[in-house]
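For reference, the structure discussed in these notes is given below.
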Amino acid sequence: MSIVVTGATGHLGRLIVTSLLDRGVPADQVVALGRDTSRLADLAARGVTVQQADYNDPDSLRTAFAGATKLMFVSGNEIGRRVEQARNVVAAAEEAGVELIAYTSIPKADTSSLILAVDHRGTEQEIAASGLPYVFLRNSWYFENYLPQIPTYLEYGVTGAAGDGRISAAARADYAEAAAAVLTTEGHAGRTYELGGAPFTMTEFAENLSRQTGRQVGYTDLPVEKYTEVLVGAGLPQPYAEVLADGDRGAAAGELEVAGDDLERLIGRRPTTLAEALRAAL
């Protein structure tokens with residue numbers, strides 16, 4: 001068996017590789033892909049096969065996928081190009097004859113109005129149309145979307161446009177563990193998992209941060225357009241700021257709240273809570 005993990009130089013891809021090793025998959029049966037293989041030297045030192053691959057380079061994908069039994073397709077970060085890249089990935093997977101494609105998507109990808117959902121929806125459609133066995137891992141937001149901003153939150157408070165929307169965020173490591181579980185156990189082909197932790201509002205996030213630090217932190221809710229301006233004023237490029245603000249708009253509409261307990265069932269334990277994530281980050 002050979003499990004190929006794309007995007008292994010990224011945070012999630014790397015965690016999926018290490019989760020596979022932690023679950024007892026022999027290192028020589030794991031292939032970690034990335035555009036810059038020098039960033040995978042530590043995995044190579046553990047016996048993982050490391051190969052260069054780029055979603056925009058079909059030849060590199062065909063070479064990297066050769067002999068693969070299962071493919072962990074970690075979504076790329078080039079918004080607007082991901083469907084085209086998915087076609088390259090799917091074509092290479094078909095040629096390799098992989099037995100399962102697992103893809104990291106977004107909650108409610110088939111119905112979501114989020115800007116980010118457009119590429120994910122198109123990618124899911126490309127994969128499903130290929131006829132290859134697949135499983136969709138629809139990850140909600142990561143705690144890590146927020147944790148690096150804690151110093152700013154403590155000084156200025158939390159600002160956003162999420163209203164009272166509930167966000168089923170979870171730890172990136174928990175999502176990685178769920179992916180590893182899908183890749184190493186049977187019965188997942190054709191399944192779509194909506195993954196996330198216990199939901200919270202951004203007001204509740206600020207309250208939790210206040211309790212953890214003993215400092216009063218509030219949440220200020222803004223219109224989407226105003227929040228976009230705030231993000232641009234903080235130095236973010238306009239297109240990226242618009243995507244982030246749109247994420248909050250979707251959260252306000254309930255598009256980031258995940259029903260059910262798919263994440264808990266896949267990892268076999270209660271997912272990391274917001275309080276635990278904040279405590280570990282402080």
Side-chain angles (χ1 to χ4, degrees), residues 1-14 16-17 30-37 39-40 49-140 175-176 178-179 182-183 188-195 239-240 242-243 246-247 250 255:
M1 180 179 72
S2 174
I3 301 176
V4 173
V5 180
T6 71
T9 52
H11 295 298
L12 180 61
R14 174 176 290 276
I16 292 172
V17 171
V30 180
V31 181
L33 307 184
R35 284 182 289 191
D36 180 3
T37 55
R39 296 170 59 189
L40 301 173
T49 300
V50 169
Q51 287 188 246
Q52 192 279 335
D54 188 323
Y55 292 144
N56 300 306
D57 181 354
D59 288 338
S60 72
L61 296 172
R62 283 192 289 269
T63 299
F65 293 177
T69 306
K70 297 180 179 180
L71 171 63
M72 182 65 247
F73 178 12
V74 178
S75 57
N77 57 12
E78 295 180 75
I79 300 171
R81 300 198 61 187
R82 290 187 286 195
V83 176
E84 176 187 348
Q85 293 171 343
R87 294 191 186 103
N88 294 336
V89 170
V90 168
E94 288 180 300
E95 186 173 316
V98 301
E99 298 176 7
L100 182 73
I101 299 179
Y103 174 67
T104 57
S105 190
I106 198 170
K108 310 170 187 176
D110 50 341
T111 60
S112 175
S113 68
L114 290 179
I115 292 172
L116 286 174
V118 175
D119 283 352
H120 287 294
R121 182 161 49 247
T123 297
E124 287 190 4
Q125 291 168 349
E126 291 288 333
I127 293 171
S130 73
L132 292 171
Y134 66 84
V135 55
F136 295 144
L137 303 170
R138 292 178 171 174
N139 297 345
S140 189
Y175 290 126
V182 163
L183 294 165
H188 304 288
R191 301 289 300 274
T192 295
Y193 294 111
E194 300 280 352
L195 303 177
Y240 184 46
E242 290 174 353
V243 168
D246 183 71
E255 296 193 279

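Legend: side chain to side chain donor-acceptor pair (under 3.5 Å) pairs involving residues 86-101, not counting sequence neighbours, sorted by first then second residue: Arg87-Glu126.
No side-chain donor-acceptor contact under 3.5 Å links Arg138 to the backbone of Ser105. Counting only distance, with no hydrogens or angles, the side chain of Thr123 and the backbone of Ala86 share no donor-acceptor pair below 3.5 Å. In this structure, Glu255 contributes its side chain and Ser113 its backbone to a donor-acceptor pair below 3.5 Å. Under a 3.5 Å cut-off, the side chain of Ser112 and the backbone N or O of Ala117 do not form any donor-acceptor pair. Distance alone, capped at 3.5 Å, places no donor-acceptor pair between the Arg191 side chain and the Val135 backbone. Between the side chain of Asp119 and the backbone N or O of Gly80, at least one donor-acceptor pair lies under 3.5 Å. A donor-acceptor pair under 3.5 Å links the side-chain atoms of Arg121 to the main chain of Ala109, judged by distance alone.
Rounding to the nearest 0.5 Å places OG1 of Thr37 at 7.0 Å from CD of Gln52. Ser75 contributes atom OG, which lies 7.5 Å from atom CG of Leu12 (distance to the nearest 0.5 angstrom). Atoms CG and CG, on Leu114 and Asp246 in that order, are 5.5 Å from each other to the nearest 0.5 Å. Atom CG of residue Leu40 and atom OG1 of residue Thr9 lie 6.0 Å apart, to the nearest 0.5 angstrom. For the atom pair CD of Glu194 and OG of Ser140, the computed distance is 9.0 Å after rounding to the nearest 0.5 Å. If you take CD1 on Ile101 and CZ on Phe136, they are separated by 8.5 Å, rounding to the nearest 0.5 Å.
No hydrogens or angles considered: nothing links the side chains of Thr63 and Gln51 as a donor-acceptor pair under 3.5 Å. Side chain to side chain, Asn56 and Arg81 meet the donor-acceptor criterion of an N or O pair below 3.5 Å.
Using a 4.0 Å cut-off between a side-chain N of Lys or Arg and a carboxylate O of Asp or Glu, Asp57 and Arg62 do not qualify as a salt bridge.
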Please walk me through it: do Ile16 and Val74 pass side chain to side chain contact (heavy atoms under 4.5 Å, CB included)?
CA-CA 9 Å; Ile16 292 172; Val74 178; 4.0 Å; yes
Would Leu100 and Leu71 count as a side chain to side chain contact (heavy atoms under 4.5 Å, CB included) if you check the C-alpha gap in whole Å, the side-chain angles of each, and the deciding distance to 0.1 Å?
CA-CA 6 Å; Leu100 182 73; Leu71 171 63; over 6 Å; no
Does the side chain to side chain contact (heavy atoms under 4.5 Å, CB included) test come out yes or no for Val182 and Leu137, once each step is laid out?
CA-CA 9 Å; Val182 163; Leu137 303 170; 3.9 Å; yes
Take Val89 and Phe65, measure what side chain to side chain contact (heavy atoms under 4.5 Å, CB included) needs, and give me the verdict at the end.
CA-CA 9 Å; Val89 170; Phe65 293 177; 4.0 Å; yes
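The aromatic rings of Tyr103 and His120 are tilted relative to each other, their planes meeting at an angle between 30° and 60°.
Counting heavy atoms from C-beta on, the side chains of Ile79 and Val243 come closer than 4.5 Å. The closest side-chain heavy-atom distance from Val5 to Leu33 is not below 4.5 Å.
In summary, the aromatic rings of Phe73 and Tyr55 are positioned with their centroids under 6.0 Å apart.
Pairing each heavy atom of Asp54 with each of Ser60, the nearest pair is N-OG, 3.0 Å.
Exactly one of Thr6, Val17, Leu183 qualifies for a side-chain contact (heavy atoms from CB on, under 4.5 Å) with Met72. That residue is Leu183.
Within 6.0 Å of atom CG in Asn77, 12 or fewer heavy atoms from other residues, nucleotides or ligands are found, so the atom counts as exposed in its surroundings.
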